[in-house]
2 protein chains.
Amino acid sequence: MTDPSPAAGKPIRTAIADEDGIDFAIIELFFFAYRDFTSDPDQILAEYGFGRAHHRVLHFVNRRPGLTVAELLDVLKITKQSLARVLKQLIDTDHIVQVQGPRDRRQRELYPTAKGRALALALARPQSRRIRAALEDSGTTERATIERFLEAMVNPELRAQIDIVPAQTSGKNHGDH
Amino acid sequence: MTDPSPAAGKPIRTAIADEDGIDFAIIELFFFAYRDFTSDPDQILAEYGFGRAHHRVLHFVNRRPGLTVAELLDVLKITKQSLARVLKQLIDTDHIVQVQGPRDRRQRELYPTAKGRALALALARPQSRRIRAALEDSGTTERATIERFLEAMVNPELRAQIDIVPAQTSGKNHGDH
DNA sequence: GAATTATGTCAGTACTATTGACGTAATTTC
DNA sequence: GAAATTACGTCAATAGTACTGACATAATTC
């Protein structure tokens with residue numbers, strides 16, 4: 001290790017900076033921010049024997065009650081097989097219920113139960129607290145600035161997924177169309 | 001599924017909104033933004049048979065050449081055993097070299113090779129492009145606003161990790177102390 | 001010399017994800 | 001009405017990333 005194998009390259013001792021105009025500062029901040037953002041709910045989930053995947057399913061079923069399995073797969077960008085176990089556990093533990101689709105009886109509409117809604121709220125609470133604190137601490141007067149930036153980080157063709165949600169939350173009106 | 005088990009809760013048909021003042025909008029945007037932010041390098045990594053863990057190691061070794069294994073574990077917040085395989089692969093493929101610590105010969109200082117630096121840059125390039133586009137598209141005039149917000153999202157006790165990096169990248173001077 | 005530290009490694013396990021294949025029921029198409 | 005397609009569920013096998021616990025080695029510190 002002091003003397004690496006002959007073919008090995010020589011160690012580069014200078015820190016990578018903004019070579020080629022790469023924005024390492026924000027890249028790294030994004031990593032740290034997301035790492036800690038997910039750490040809060042992770043602790044709660046562990047008590048239930050759940051993981052991050054359960055959180056995501058629970059979140060979207062609460063945000064869009066009645067969405068079908070296919071729609072959920074599309075939002076999460078995972079495969080049916082990956083969802084199966086997680087969804088089954090959430091149904092078995094009475095956090096989510098399936099209802100046969102009214103128009104198309106092959107479809108399964110997913111709804112949260114009171115228990116599922118309570119857990120979704122409990123998971124979101126520390127995340128929301130962190131966001132509020134971050135907005136205050138960073139002196140961000142325009143909360144919409146952050147919203148617009150994050151939305152612009154999403155692949156354009158996937159931004160439609162965001163707009164599905166009723167925009168009761170924010171002052172923005174991107175919900176009613 | 002139409003008729004759930006007797007003990008099961010009833011489906012809640014209203015979307016979760018800002019009940020209890022929870023900021024679901026930004027929570028969800030953060031999820032989408034990070035999902036797509038990581039998707040760019042993931043594609044490149046797949047060509048090498050690497051995963052996201054390799055990217056993180058490569059990134060920090062390039063950002064802080066000469067950091068020790070212990071320091072890397074602290075930044076990544078994973079265990080020695082989790083790092084082992086990933087680091088070994090990066091060393092075997094000549095992306096990273098280990099150098100015996102000059103003061104303490106037990107330590108292994110980690111440095112990128114030219115190959116490792118090139119890969120780190122290739123991985124960061126699409127991410128940086130996405131960030132630049134997002135700043136422009138969202139009309140964020142003050143780039144520092146985003147930086148401050150993301151930094152404020154990080155656990156206070158862990159913000160020291162950010163400041164280690166020489167601040168050549170941004171106009172901010174939080175590097176020299 | 002003994003204790004501690006930094007690192008490496010082995011064994012076993014868990015969670016999340018993948019691909020491929022197959023089955024069933026419902027809907028659509030011809 | 002038969003055939004094709006669609007929505008969903010499930011089985012099997014595999015991969016990547018993480019975990020805990022245990023143990024070994026070399027170097028440093030006490």
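Side chains included, hydrogens not; waters and symmetry mates left out as well; all remaining heavy atoms used. Below, chains carry the letters A, B, ... as their sequence lines are ordered, and counting in each starts from 1.
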Dump every N/O contact between nucleotides 26-30 of chain D and the protein below 3.5 Å, one line per pair.
{"unit_1": "D/dA27", "atom_1": "N3", "unit_2": "B/Arg106", "atom_2": "NH1", "d": "3.4"}
{"unit_1": "D/dT28", "atom_1": "OP1", "unit_2": "B/Arg105", "atom_2": "N", "d": "3.2"}

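- A donor-acceptor contact under 3.5 Å links the side chain of B/Lys80 to the base of C/dG8.
- Under 4.0 angstrom from either OP1 or OP2 of C/dA25 there lies no side-chain N or O belonging to A/Gln107.
- Between B/Arg85 and the phosphate of D/dT17, there is a side-chain N or O to OP1/OP2 separation shorter than 4.0 Å.
- Rounded to whole Å, atom C1' of D/dG9 lies 16 Å from atom CG of A/Leu90.
- In this structure, A/Ser82 reaches the C/dT18 phosphate: one of its side-chain N or O atoms is under 4.0 Å from OP1 or OP2.
- Put simply, A/His54 has a side-chain N or O that comes within less than 4.0 Å of OP1 or OP2 on C/dT16.
- The backbone N or O of B/Gln89 lies less than 3.5 Å from a partner atom in the side chain of B/Thr93, making a donor-acceptor pair.
- Judged as a ring-ring contact (aromatic ring centres under 6.0 Å, His included), and not counting sequence neighbours, the contacts of B/Phe31 are A/Phe60.
- Residue B/Gln81 places no side-chain atom within donor-acceptor reach of the base of C/dG8, judged by atom type and a 3.5 Å distance cut-off alone.
- In the hydrophobic clustering of ILVMFWY residues, with side-chain heavy atoms under 4.5 Å counting as a link, B/Ile12 and B/Ile22 come out apart.
- Closest non-hydrogen pair, B/Lys77 versus B/Leu158, comes out as CE-CD2, 3.6 Å.
- As rounded to whole Å, 13 Å separates atom C1' of D/dT10 from atom CG of A/Leu83.
- Taking the screw axis at each terminus of the helix from C/dG1-D/dC30 to C/dC30-D/dG1 from five consecutive base pairs, the angle between the two is 20° to within rounding of 10 degrees.
- Checking each of A/Arg130, A/Arg125, A/Gln127 against A/Asp40 for a side chain to side chain donor-acceptor pair (under 3.5 Å) leaves exactly one that passes, namely A/Arg130.
- In terms of heavy atoms, B/Ser128 sits closest to A/Gly21 at OG-O, 3.6 Å.
- Taking only side-chain atoms of B/Arg56, from C-beta outward, the nucleotide of D/dT17, C/dA21, D/dT20 with the closest atom is D/dT17.
- When every heavy atom of B/Arg117 is checked against every heavy atom of A/Ala15, the shortest pair comes out as NH2-C, 3.8 Å.
- Between B/Thr79 and the phosphate of D/dC19, there is a side-chain N or O to OP1/OP2 separation shorter than 4.0 Å.
- For the pair A/Leu110 CG and D/dC8 C1', the computed distance is 11 Å after rounding to whole Å.
- Closest approach of A/Ile44 and A/Tyr48 over heavy atoms only: O-CD1, 3.3 Å.
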